[in-house]
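The next block holds one structure in the form of structure tokens; read it before the comments.
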Amino acid sequence: MTNVWWYDFFVWTCFAYLLPSGITAYCYYQIWTSATNSKCKFSEQRRKQNKQLIKSLLIIFCILIISWSPISLIIGIAGILGSTVSVPFEISLLAELCAHANSAINFLVYGFTHSKFHQAYVSIGHSILLAVLRCR
């Protein structure tokens, strides 16, 4: 098995990038259709919540694609070109950090796009601040 670039490329591209992205997109689409195609008449507040949900899902999905694309591109190019290409360590490290940062920033996205998350974060922040001030 000396020249199996296609195998690495196929496995990484399909099972580690496209399949999870596709499943995520499908699930978010199902959530969106469920939220918007209900037979019940929605109040204005409910429509606003649905719009907020769709906005949040779209932002999270775009961040997922943007953050995992660099490492997928590097692995894909390395898989196709094999050992003829050498990716600098710094670029590879930055791409890996970008990919794993996706999970680390989701809570920030929730805080910016959902008012209840934002209120909870503010409440937790106040509690921590009060606890720190009491310890002094």
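- If you take SG on Cys62 and CG on Leu58, they are separated by 4.5 Å, rounding to the nearest 0.5 Å.
- In this structure, the side chain of Thr33 engages the main chain of Tyr29 through a donor-acceptor pair within 3.5 Å.
- Once rounded to the nearest 0.5 Å, the distance linking CG of Asn106 with OG of Ser67 reads 8.5 Å.
- The hydrophobic clustering, which links ILVMFWY residues whose side-chain heavy atoms are closer than 4.5 Å, places Ile66 and Ile60 apart.
- Summarising the geometry, atom OG belonging to Ser92 is positioned 5.5 Å from atom CD1 belonging to Ile74; distances are rounded to the nearest 0.5 Å.
- Ring geometry for Tyr28 against Phe61 counts as perpendicular: the plane angle is over 60°, on a 0 to 90° scale with 30° as the lower cut.
- In this structure, CD1 on Ile31 lies 10.0 Å from OG on Ser56, to the nearest 0.5 angstrom.
- In this structure a side-chain-to-backbone donor-acceptor pair under 3.5 Å is present from Gln52 to Thr113.
- For the atom pair Asn102 CG and Ile71 CD1, the distance stands at 13.5 Å (nearest 0.5 Å).
- Neither Leu73 nor Leu93 shares a network with the other; the hydrophobic side chains, linked directly or stepwise wherever heavy atoms of I, L, V, M, F, W or Y lie under 4.5 Å apart, form separate groups for each.
- Checking side-chain atoms of Ser103 against main-chain N and O of His100 turns up no donor-acceptor pair under 3.5 Å.
- Annotation: the span from Ile63 atom CD1 to Ile105 atom CD1 amounts to 4.5 Å, rounded to 0.5 Å.
- Side-chain contact between Ser21 and Ile65 is present, with at least one heavy-atom pair separated by less than 4.5 Å.
- In terms of hydrophobic clustering, with Ile, Leu, Val, Met, Phe, Trp and Tyr side chains grouped at heavy-atom distances under 4.5 Å, Val122 and Leu108 are assigned to different clusters.
- When atom types are taken as modelled, the side chain of Tyr121 and the backbone of Phe107 share a donor-acceptor pair closer than 3.5 angstrom.
- If you chain together hydrophobic residues whose side chains sit under 4.5 Å apart, Val109 and Leu97 never meet in one group.
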